[in-house]
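Protein chains get the first letters and strands the later ones, always in sequence-line order, with residue 1 at the start of each. Because only heavy atoms are used, hydrogens play no part in the values below, and waters and symmetry mates are left out as well, while side chains stay in.
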Amino acid sequence: MAAEHKPRLTRELVAMRVAQELAPGSTVNLGVGMPTLVAAFAPPDANILLQSENGILGYGGFSEEAYDQDLVNAGGQPITLNPGASFFDSAASFAMIRGGHIDTAVLGGLQVSERGDLANWSVPERGGGSIGGAMDLAVGARRLIVAMEHTTKDGRPRILRECTYPLTARRCVDLIVTDLAVVEVGPEGLTLREVAPGWAPGEVVTLTDAPLTGPRGVPEMEL
Amino acid sequence: MAAEHKPRLTRELVAMRVAQELAPGSTVNLGVGMPTLVAAFAPPDANILLQSENGILGYGGFSEEAYDQDLVNAGGQPITLNPGASFFDSAASFAMIRGGHIDTAVLGGLQVSERGDLANWSVPERGGGSIGGAMDLAVGARRLIVAMEHTTKDGRPRILRECTYPLTARRCVDLIVTDLAVVEVGPEGLTLREVAPGWAPGEVVTLTDAPLTGPRGVPEMEL
Amino acid sequence: MTATIYEAPDEALDGISDGARVMVGGFVSASSPTNLIFALKRRGTRNLTVMATNIGFGDRLDELCEDRQIAKAIASFAVRASSARASRFEEQYRAGEVELELVPQGTLAERIRAGGAGIGGFLTRTGVGTQVAEGKDVLSWQGEEWLLERPLRADVAILKAHRADRLGNLSYRMAGRNFNAVMATAADLVIVEVEEIVETGELAPNEIHTPAVYVDRIVRCDPVEVRWDGR
Amino acid sequence: MTATIYEAPDEALDGISDGARVMVGGFVSASSPTNLIFALKRRGTRNLTVMATNIGFGDRLDELCEDRQIAKAIASFAVRASSARASRFEEQYRAGEVELELVPQGTLAERIRAGGAGIGGFLTRTGVGTQVAEGKDVLSWQGEEWLLERPLRADVAILKAHRADRLGNLSYRMAGRNFNAVMATAADLVIVEVEEIVETGELAPNEIHTPAVYVDRIVRCDPVEVRWDGR
């Protein structure tokens, strides 16, 4: 079977793999889109504090039933609160984000470069894009995980030597989790840490523009 | 009787005259020392909101009986709260002060220049001095009233062509109320607006280093 | 000054003129001043520069585009990267009919705070090396590059809080503080819709999120239901 | 990380070493971390740089001068202009034995906020044309001069709040927020004495002034009576 037709991880499985990265007791901000799904896979006893940039620390899950328009996350979704949750204004929220008080942010991505540059807010050929809190989170979080599809819909790599889309921030990404692989960004470039079940490292390398080191003996993700 | 031996206004009378300057409904910050006394003379029905830079808006008077160490003003004095009072932190308090949200600040003074420069925090010959909130209030308040003695204890003028003590801020004073006079600071210099009861304008001019315009027909203060 | 209480949102907007710079509080559905937005629509004021974190994503600010009242938006979310159903703002933006200054959300909040706090500018790492840095001063300090961002102020802010007292103190509900609390400090005229007005003294001192000194006008309105429409 | 609860203030200071930069919250008597100050005295840690809005004006920070633990203070009130009874800090300052960086109170609060908020500097009119401006960059903007002030951070902050929950959320009483709330954001290790520790969930979300993310250690202590001694 040609690599481009093999099954890839679903969005939920990518989120599940990202959730394994969250340290117990850490403070985490989940971006809109695929990163939002991570909340459902965080171990409930890990005491993870979820921060939402519209001014909430300690929200729980998503609940349509509990819908209250004054209690939505940064994606506008209805959420619940955990005991110990608190509210604050947007300036205080971004002081928290930009001041390095968020242990891990998980953002969606359009492109990541071999140096860890991230592009995730604009698709120039579509002539639009919005920044939201992405630039602040990319710069301010102590650790940045990007959750994205490994290639575009027409099969072009999203992990590149240089981003071609407008940047969100330079040298900000620490880990990339895609539907094909886990890739770590280090000072020397990118390292392939894990591949999706059923995928060979070489197949992943073929679908990656930037050079990946360590492609031999790379384990499959455990999900 | 030589001018230097004539009775001058007491601190309470200076404070009473300053209180006449406070517009109904205005937000006012009173510095430590003589300005603090102004609180007692503000008309109770004028709805003046007193701000204290340690994070209180809407305090009332001073009350030893009500002493609570968590409820003190910027001078460390025990205070009471009026209905509608609120608390905030020091960064928020100085955002309020520096952002132009205080209508009037009343500060003590050591020297004022003819341009309205204020020196009120350091006496170099004594080798000390502390700034506290004075520089922020001098720059941030919409209107700055200085309440001070017209001369030093040994009779030297405190209203000068140039301040000789370290400045609090340049061109910040709008009105000077002393134990001898009310002096307005304008773009063209200083104007003598009122004199203390029993004092002649010429006597005040003699005790003032900076030129004062309008010294004929100046009324006595009404207290 | 003690806040003035108005009977209806239309009256509360009295004095807003064409060309005004207007801050609009709320975060999508949370504590959005929707009654005041509707009143601004009825009023027909034109050529507005609107500052809001989002426009056209469930909030009702997009309705001001129906009669082309907005000339420029300063926002963090305004145009989708995806090809989803377009808001009116997006249509007008893509047609070159409205101007957009896209600002990172944290920089937007901090610029507004600076505008209210008498700060003449601040240095942030957000936006360095991106399109956001174009035309701005970049300063080096401690081995890093920092963008010098400037304060934002407005002629008018339209905001929503949960409760106000007669003096003008405000208390927000849940995640309602968001941009409302910062915008209250940074506009010459601050107009707030609230769900309830109580007597002065009924809000406890530590329950007040926006002190009365920041508030000029209050109007009681039933909240309008608004909902994020996805992205 | 969830805050750690300590049994005694002496243990809560574990790890503070000679030469540490220490922020001390409180405003004179209001929410002063006096139990932690006393513990720091007992500990005998030396060569400290202390950041606090006041020292020796009723607060008990002056007691650290008894054994010359303070090498430098960054403060807004520390030395009287008058010839009133001197604090130990004043005596040591006048004898040239301690260093003092005198900072306007608003600039001190804003520099600490900047340190906690990832701001690399900010422009203020406070201090322009005064001794405070010496050695600092002055930038012109909109026809005015602005001082570029830099952020402040510390190794440790010792603070007092009224109540904490087990997660580390803090609630202050009356005018207790003052410098405590900003310093909580700007130190690598944040240690807080509180009058009461409650179960997580017992502080209402809008009653929390310092979210748990900022707090490392909590210790329950009866408050010490302190009083302003005049100026």
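Checked for salt-bridge contact, B:D103 and B:R142 meet the test: a charged N lies under 4.0 Å from a carboxylate O. Under a 4.0 Å N-O distance rule, the pair D:R163/D:E207 qualifies as a salt bridge. A salt bridge is absent between B:D209 and B:R161: the closest approach of a Lys/Arg side-chain nitrogen to an acidic carboxylate oxygen does not fall below 4.0 angstrom. Taking a cutoff of 4.0 Å between a charged side-chain nitrogen and a carboxylate oxygen, D:E101 and D:R111 qualify as a salt bridge. Remark: D:E63 does not engage D:R88 in a salt bridge, criterion side-chain N to carboxylate O under 4.0 Å.
Counting heavy-atom pairs closer than 4.5 Å to chain D, the top residue among B:N54, B:L71, B:L167 is B:N54. Taking D:V128, D:T124, D:V79 one by one and counting their heavy-atom pairs under 4.5 Å with chain B, the maximum is reached by D:V79. Between chain B and the options D:G127, D:A175, D:A109, heavy-atom pairs under 4.5 Å are most frequent for D:A175.
No part of B:S52 comes within reach of chain D, as not one of its non-hydrogen atoms sits under 4.5 angstrom from that chain. Looking at B:P78, only its side chain comes within 4.5 Å of chain D, counting heavy atoms on both sides. Only the backbone of B:A169 has a heavy atom closer than 4.5 Å to any heavy atom of chain D. Contact annotation for D:Y172: neither backbone nor side-chain heavy atoms come within less than 4.5 Å of a heavy atom of chain B. Contact of D:E145 with chain B is made through the side chain alone, with heavy-atom distances under 4.5 Å. No part of B:I97 comes within reach of chain D, as not one of its non-hydrogen atoms sits under 4.5 angstrom from that chain. For a residue to count as touching a neighbouring chain, one of its non-hydrogen atoms must lie under 4.5 Å from one of that chain's; by this rule D:R113 touches chain B with the side chain only. When heavy atoms are compared at a cutoff of 4.5 Å, D:S32 does not approach chain B at all. If you measure heavy-atom distances from B:D68 to chain D, the contacts under 4.5 Å come from the side chain alone.
Between B:R98 and D:R125, the shortest heavy-atom distance links the atoms O-NH2, 4.3 Å.
Counting non-hydrogen atoms of neighbouring residues, nucleotides and ligands closer than 6.0 angstrom, the CD atom of B:E188 reaches no more than 12 such neighbours. Heavy atoms of other residues, nucleotides or ligands lying less than 6.0 angstrom from CD of D:E225 number 12 at most.
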